[in-house]
Amino acid sequence: MMLIVLTVIFVLLALFTGGDRTAKSIVTLFLSAGVMMLTIVAIYLGVPPLAGGLFCVAVVAVITTLFQNECNQKSMTALLAVFLTTAVLLLLIFVFVDRGHLAGMADTGQVYVRESNGFEGNIGIDMRMVEVAVLLITLVGAVIDAAIAVVAGTYEVAAARPALGRQALFRSGMRIGGNILSSTVNTLFFIFAGEYLLLFVNFMTYYSFAAMINSKEFAQGAISIAVSAFGCVLVIPVAAALAAVRLTGGSNRQYGNEETDDGGERSE
């Protein structure tokens with residue numbers, strides 16, 4: 001009941017503050033949540049977890065970029081950057097899950113996951129692939145915001161300085177990405193710290209700092225923020241390059257690449 005009340009309060013305050021634009025964001029949020037719930041049910045019914053995770057990532061990315069931000073050239077460029085970055089990091093996620101032994105449930109506090117406690121030992125679902133799907137969904141949430149910010153900023157630079165060439169636009173996109181990167185990574189860190197604060201307290205109370213560092217819960221959270229941070233870093237040059245190529249029609253114009261003393265670009 002309290003969750004429903006808080007949701008209603010959030011929606012009302014958001015609509016009062018942001019108007020129509022915020023309303024579209026709220027619709028996007030509920031659509032994405034619905035897709036995630038559908039993915040969970042599909043995996044429970046026997047759909048391979050990796051296929052379900054990839055489906056969820058693709059649909060959420062399309063909804064967020066093309067519906068919330070409208071279907072235009074900028075949104076399509078950002079969506080392509082998200083897909084390329086996710087594809088590159090998919091292999092890294094497989095390595096992290098395999099080498100970090102992140103699959104399955106972990107012992108939490110004084111509750112142990114074992115058949116003698118009523119837990120089913122064989123549920124018929126590949127939990128490694130479930131963890132891969134979880135990391136993919138976590139990754140795409142961080143990457144989408146960075147991709148949209150870099151592409152939108154690069155398009156604004158091109159609109160203000162139409163004579164800039166591809167290299168100049170790429171450098172502008174990289175500078176935009178560098179400006180938002182630190183705040184994005186800080187946000188990811190504090191989300192992780194806040195989510196696992198209770199876990200830290202429990203481990204320090206019942207066990208030790210070394211036990212916390214070596215716990216599966218800590219590894220899952222740390223690897224999750226690491227993958228998201230890698231995605232935010234990688235998507236910046238990908239989005240900047242795609243935007244620069246799209247804006248110059250694939251041709252590397254040779255004019256407008258001279259830099260000014262303040263790091264900007266000077267067109268001829």
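Quick note: numbers below take in every heavy atom, side chains included, and nothing from hydrogens, waters or symmetry partners. Quick note: residue numbers are just sequence positions, from 1.
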Taking the side chain as every heavy atom from C-beta outward, state whether [X] and [Y] have any pair of such atoms under 4.5 Å apart.
X      : Y      : answer
Ile137 : Val60  : no
Arg175 : Phe170 : no
Leu66  : Met76  : yes
Ser172 : Thr154 : no
Phe96  : Leu91  : no

Rounded to the nearest 0.5 Å, what separates atom [atom1] in [X] from atom [atom2] in [Y]?
X      : Y      : atom1 : atom2 : result
Ile93  : Thr138 : CD1   : OG1   : 8.5 Å
Ile223 : Ser228 : CD1   : OG    : 11.5 Å
Thr86  : Leu135 : OG1   : CG    : 12.0 Å
Thr64  : Ile144 : OG1   : CD1   : 4.0 Å
Ile63  : Thr28  : CD1   : OG1   : 7.5 Å

Under 3.5 Å: donor-acceptor pair, side chain of Ser75, backbone of Cys71: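 No; judged by distance alone, with no hydrogens or angles, the pair does not exist.
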Give a yes or no on whether the backbone of Leu79 and the side-chain of Thr65 come within a donor-acceptor separation of less than 3.5 Å.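 Side chain of Thr65 to backbone of Leu79, a donor-acceptor pair under 3.5 Å: no, none is there.
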I'd like to know whether CZ of Phe67 has more than 12 heavy-atom contacts from other residues, nucleotides or ligands below 6.0 angstrom.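 Above 12, so yes.
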For atom CZ of Phe230, decide whether the heavy atoms of other residues, nucleotides or ligands shown that lie under 6.0 angstrom number more than 12.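 No.
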Connected via hydrophobic side-chain network under 4.5 Å: Val47 and Val130: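 No: no chain of side-chain contacts under 4.5 Å links Val47 to Val130.
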Which residue in the set Arg246, Lys74, Gln73 passes side chain to side chain donor-acceptor pair (under 3.5 Å) when paired with Tyr155?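 Looking at Arg246, Lys74, Gln73, the match for Tyr155 under the side chain to side chain donor-acceptor pair (under 3.5 Å) is Gln73.
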side-chain contact (heavy atoms from CB on, under 4.5 Å) partner of Val59, the single match among Leu54, Leu38, Val35, Thr39: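 In the set Leu54, Leu38, Val35, Thr39, the residue that makes a side-chain contact (heavy atoms from CB on, under 4.5 Å) with Val59 is Val35.
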